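Heads up: the structure comes next, in structure tokens.
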Amino acid sequence: MAIKLKVPNIKGDECAKNITKSIQTMESDAKVDVNVDTKTVTVEAAASEESIKQIVQSAGYTIEGY
């Protein structure tokens, strides 16, 4: 199941790498697509949406509406 999150404090490619690395540390086969222009993160993973949100937040990013 794909999870799409709006992450307003994504600044550039370095942020995209950090978010991807954080998610894939927990779930190595997760597909992570970070769009810097639209400030969205789309994740396909077995982990729950809540788990993904917590990982993104623990990496230092905010999630709109969460």
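Small disclaimer: the values here were computed from a predicted structure and weren't measured.
The distance from atom OG1 of T40 to atom CG of L5, rounded to the nearest 0.5 Å, is 9.0 Å. The distance from the CG atom of N18 to the CD1 atom of I23 is 11.0 Å, given to the nearest 0.5 Å. Separating the CG atom in D33 from the CG atom in N35 is a distance of 6.5 Å, to the nearest 0.5 Å. Remark: I52 CD1 to K4 NZ distance equals 16.0 Å, nearest 0.5 Å. Between K39 atom NZ and Y61 atom OH the span is 11.0 Å, to the nearest 0.5 Å.
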**Request:** Any chance you could lay out the side chain to side chain contact (heavy atoms under 4.5 Å, CB included) test for I19 and I55, step after step, and finish with the verdict?
**Result:** CA-CA 8 Å; I19 291 170; I55 293 165; over 6 Å; no
**Chi angles and distances behind the side chain to side chain contact (heavy atoms under 4.5 Å, CB included) call for K31, V43** = CA-CA 6 Å; K31 287 186 187 172; V43 183; over 6 Å; no
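Considering every non-hydrogen atom in both C15 and I10, the closest pair reads CB-CG2, 4.0 Å. Of all non-hydrogen atoms in A2 and T42, the two that sit nearest each other are CB-CG2, 4.4 Å.
Put simply, the side chain of E44 never gets that close to the backbone of I3: no donor and acceptor are under 3.5 Å apart. For the pair E27 (side chain) and A46 (backbone), a donor-acceptor distance under 3.5 Å is present. Between the side chain of S28 and the backbone N or O of Q24 there is no donor-acceptor pair closer than 3.5 Å. Judged purely by atom type and a 3.5 angstrom limit, T25 uses its side chain to pair as donor or acceptor with the backbone of K21.
Among residue pairs with one or both ends in residues 53-66, those qualifying as salt bridge (charged side-chain N to carboxylate O under 4.0 Å, His left out) are E49-K53; sequence neighbours excluded.
Counting heavy atoms from C-beta outward, S22 and V56 have side chains that stay 4.5 Å or more apart.
Heavy atoms from other residues, nucleotides or ligands lying under 6.0 Å from CG of D29 number more than 12. Shown here is K6, whose NZ atom has more than 12 heavy atoms of other residues, nucleotides or ligands within 6.0 Å.
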